[in-house]
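Labels below follow one simple rule: chain letters A, B, ... track the order of the sequence lines, proteins then strands, and each chain is numbered from 1.
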There are 2 protein chains.
Amino acid sequence: MAKRTVAQVLAEATGHLSADAITGAVQERQPDVSPSTIYRILEEFEELGIIVHAHLGQGAAVFHLAGAVHGHLTCEICKRTFEIPSTYFDDLSRDLLESYGFELDRHHVALSGTCARCRALESAPSG
Amino acid sequence: MAKRTVAQVLAEATGHLSADAITGAVQERQPDVSPSTIYRILEEFEELGIIVHAHLGQGAAVFHLAGAVHGHLTCEICKRTFEIPSTYFDDLSRDLLESYGFELDRHHVALSGTCARCRALESAPSG
DNA sequence: ATAAGTGCAAATCGTTTGCGTAGGC
DNA sequence: GCCTACGCAAACGATTTGCACTTAT
């Protein structure tokens, strides 16, 4: 049962795993698990509320156990991503709820922008 | 020159247009313009700073003339999107800059969450 | 025998790329 | 002749789906 192995991989993971990374980790223990099976299991786990996924950039979604929800920043230039405490969203979240009745999901999509390093490189051309 | 027609379509558009919608609108005036040409032109316009694109959900990106930058909300349930004034991001933007040196891009990706209507439907099941 | 779990290949969607060609200079 | 602007078809990456098979119960 691949389901159990997927659960173990997710439980042991420290950070965010793409479906592809999960497939790789599972295949180290069960070589013949196919990507479609992984996607099906992830979908089921998500419906059960065990895991969540987030979109950090243009690429593949990442998955991790539900629980401590945090925000994400993605640099549009270097594509690195950063985790931020979800408290940064407290005020915005309240404002959006008051103005639009919109309930913000703090972790599902990363905020886009330019990281400190890339901002420095932009202002100092040949560095 | 398809470039001129694309520019007209973008200038006349009120809201956000997907590449596919732009292709359709252009083809009403020049039937044989191919999608790849549209993408190439959009890429050039974006490099020139004439237009910007945003990701509003899981689907296709949307394009519009650069200028008044606003934020976007996308409902994860009904997939509708809403524009919000970029001032909503002022505080968060300042905080991220102070804490991480991260410069927020307010329009590039939509904030994800649940809209008022879908929240109401969730709490009132058979409505 | 029935339902659930799965592998594989093909399909999908948005977007990009390679290649060859037509026109402007 | 060379460069730009294309059209077309194929490639692409992430994900989904159809279908046949195997396994538990």
task = Dump the intermediate steps for side-chain hydrogen bond (donor to acceptor under 3.5 Å, both in side chains) on A:E76 and A:S112, then the final yes or no.
result = CA-CA 6 Å; A:E76 293 171 8; A:S112 190; 2.6 Å; yes

Protein N or O to nucleotides 19-25 of chain C N or O, pairs below 3.5 Å:
none

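- Within a heavy-atom distance below 4.0 Å of DNA chain C, no residue of residues 6-26 of chain A is found.
- In this structure the side chain of B:T23 reaches within 4.5 angstrom of the side chain of B:Q27, judged on heavy atoms.
- A 4.5 Å side-chain heavy-atom check between B:I22 and B:L10 finds at least one atom pair inside the cut-off.
- Looking at heavy atoms from C-beta onward, A:K79 lies in side-chain contact with A:Q58 at the 4.5 angstrom threshold.
- With contacts defined as side-chain heavy-atom distances shorter than 4.5 Å, the pair A:H64/A:H53 does not qualify.
- For A:E43 and C:dT6, the CD to C1' distance is 15 Å, given to the nearest whole Å.
- In this model, the phosphate group of C:dT16 is not approached by any side-chain N or O of B:Y39 to a distance below 4.0 Å at OP1 or OP2.
- Using a 4.5 Å cut-off on side-chain heavy atoms (C-beta onward), A:V33 and A:V6 make no contact.
- Annotation for B:I84 and B:H70: closest pair O-CB, 3.4 Å, computed over non-hydrogen atoms.
- Distance, A:L42 CG to C:dT6 P: 12 Å, rounded to whole Å.
- As rounded to whole Å, 13 Å separates atom C1' of C:dG5 from atom CD1 of A:I38.
- Non-hydrogen atoms lying under 4.0 Å from DNA chain D are contributed by A:A60, A:A61, all within residues 46-61 of chain A.
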task = Could you walk me through whether B:Q30 and B:T5 pass the side-chain hydrogen bond (donor to acceptor under 3.5 Å, both in side chains) test, one step at a time?
result = CA-CA 8 Å; B:Q30 285 182 242; B:T5 311; 2.3 Å; yes

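- Both B:L17 and B:L48 belong to a common hydrophobic cluster when Ile, Leu, Val, Met, Phe, Trp and Tyr are linked at side-chain heavy-atom distances under 4.5 angstrom.
- In summary, contact between chain A and DNA chain D, defined as any nucleotide atom under 4.0 Å from a heavy atom of the protein, begins and ends at D:dA14 to D:dG18 in the 5' to 3' direction.
- By the salt bridge (Lys or Arg N to Asp or Glu O under 4.0 Å) test, B:E98 pairs with no residue at all, sequence neighbours left out.
- In this structure, the ring of A:H55 has its center less than 6.0 angstrom from the ring center of A:H108.
- Annotation: ring pair (Phe, Tyr, Trp, His ring centres under 6.0 Å) contacts of A:Y88 (sequence neighbours excluded): B:Y100.
- Residues A:A66 and A:G49 share a closest heavy-atom pair of CB-O, 3.5 Å.
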